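Data first, discussion second: the structure below is written as structure tokens.
Values below: all heavy atoms of this structure, side chains included; hydrogens, waters and symmetry mates excluded. Naming convention: chains lettered A, B, ... in sequence-line order (proteins, then strands); numbering from 1 in each chain. Quick caveat: nothing in here was measured; it's all calculated off a predicted structure.
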Number of protein chains: 2
Amino acid sequence: MKNAQRTKKQGTDELQRGVLERLATVFKLLSEPTRLAILHELRNRSQSVGELVATLGTSQANVSKQLRILFDHSILGRKQSGNQVFYEILEPGVFGLCAEVCRLLNRRAENNGHIQYDI
Amino acid sequence: MKNAQRTKKQGTDELQRGVLERLATVFKLLSEPTRLAILHELRNRSQSVGELVATLGTSQANVSKQLRILFDHSILGRKQSGNQVFYEILEPGVFGLCAEVCRLLNRRAENNGHIQYDI
DNA sequence: ATTCTAAATCGCTAATTAACCATATACCGT
DNA sequence: ACGGTATATGGTTAATTAGCGATTTAGAAT
């Protein structure tokens, strides 16, 4: 129990607002298709902003902004290389979350007779 | 391969926008603290709107609205009982998602020397 | 029917934000 | 220094939405 002092032990029923807010923040990061597309693109290899812009169907400004959001939350890391900036996944846990949502959606889809995705 | 015809098989690299949007929609549902609080409250037992209003610190109108959103997405079911309406979890998978986010946050928190949550 | 209670809906405001265009910054080659 | 390329930022717009108070709808009980 090393961290006992700093550990907040909450009752079974009452859950602190702050905890819910942190959870919500993570979900919110993943609640935009463009950001999910960025994560998916970076899954297997780091890429420069330009590469991402070429792949995703949106403006350079928008890609840059979404990258910043993910970077600011430490989901992505960045490495400058000369003229370009390469982004990489720092938090692979996000893919586990996506996979779990896919399973959830597929479970539902089965009831309608078709399988839909795999990320 | 029963569902082959209706199954969309996508290439390794290109991911349909629609899939990302559906994923994003699920994450968005979970991206508000009030909705997470509702889910947490309902985890162990169905509750009426009134009970939820008494527990959560927000207006009846707001609770009702958030319940509707979760209901419309089939995360919750409702059962009328006389004067009251009871809501219940229809999609327990959401708790798995919350737990995974907690683990993700805890992994990060460990680097700062404290454990934070458990939902 | 009337009253009481429970839940849903309406109208509104304030805050957030994705996406765009235009501009600025920064780095490289010449 | 200068031009070219890559990325970031500023400013704006349009859309979404959480939350509130007020009202409406619906059921229960008298």
Quick check on side-chain hydrogen bond (donor to acceptor under 3.5 Å, both in side chains): which of B:Glu41, B:Gln84, B:Glu88 does B:Gln47 satisfy it with?
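It is B:Glu41; the other options fail the test.
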
B:Asn62/B:Gln66 under side-chain hydrogen bond (donor to acceptor under 3.5 Å, both in side chains): CA gap, chis, key distance, verdict
CA-CA 6 Å; B:Asn62 193 31; B:Gln66 305 309 326; 3.1 Å; yes

Below 4.0 angstrom, which residues in residues 49-58 of chain B have at least one non-hydrogen atom near DNA chain C?
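Of all residues in residues 49-58 of chain B, the ones placing a heavy atom under 4.0 Å from DNA chain C are B:Val49, B:Gly50.
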
Can you tell me if [X] touches the phosphate of [N], counting only side-chain N or O atoms and a distance under 4.0 Å to OP1 or OP2?
X	N	value
A:Thr34	C:dA19	yes
B:Tyr87	C:dA6	no
B:Ser59	D:dG19	no

Regarding A:Ser46 and A:Arg78, do their side chains bring together a donor and an acceptor under 3.5 Å, going by distance alone?
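There is no such pair between these side chains.
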
Round to a whole Å and report the spacing from [atom1] of [X] to [atom2] of [N].
X	N	atom1	atom2	answer
A:Phe27	D:dT17	CZ	P	18 Å
B:Gln84	C:dC4	CD	P	18 Å
B:Phe86	C:dA8	CZ	P	12 Å

N/O to N/O distances under 3.5 Å, protein versus nucleotides 24-29 of chain C:
| unit_1 | atom_1 | unit_2 | atom_2 | d |
| --- | --- | --- | --- | --- |
| C:dC27 | O2 | A:Asn83 | OD1 | 3.3 |

Should B:Lys79 and B:Tyr87 count as side-chain neighbours, where that means a heavy-atom distance under 4.5 Å?
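Not touching, per the 4.5 Å side-chain cut-off.
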
Footprint string (nucleotides 9-17 of chain C, 5' to 3'): B base within contact, S backbone only, - free, heavy atoms under 4.0 Å:
B------SS

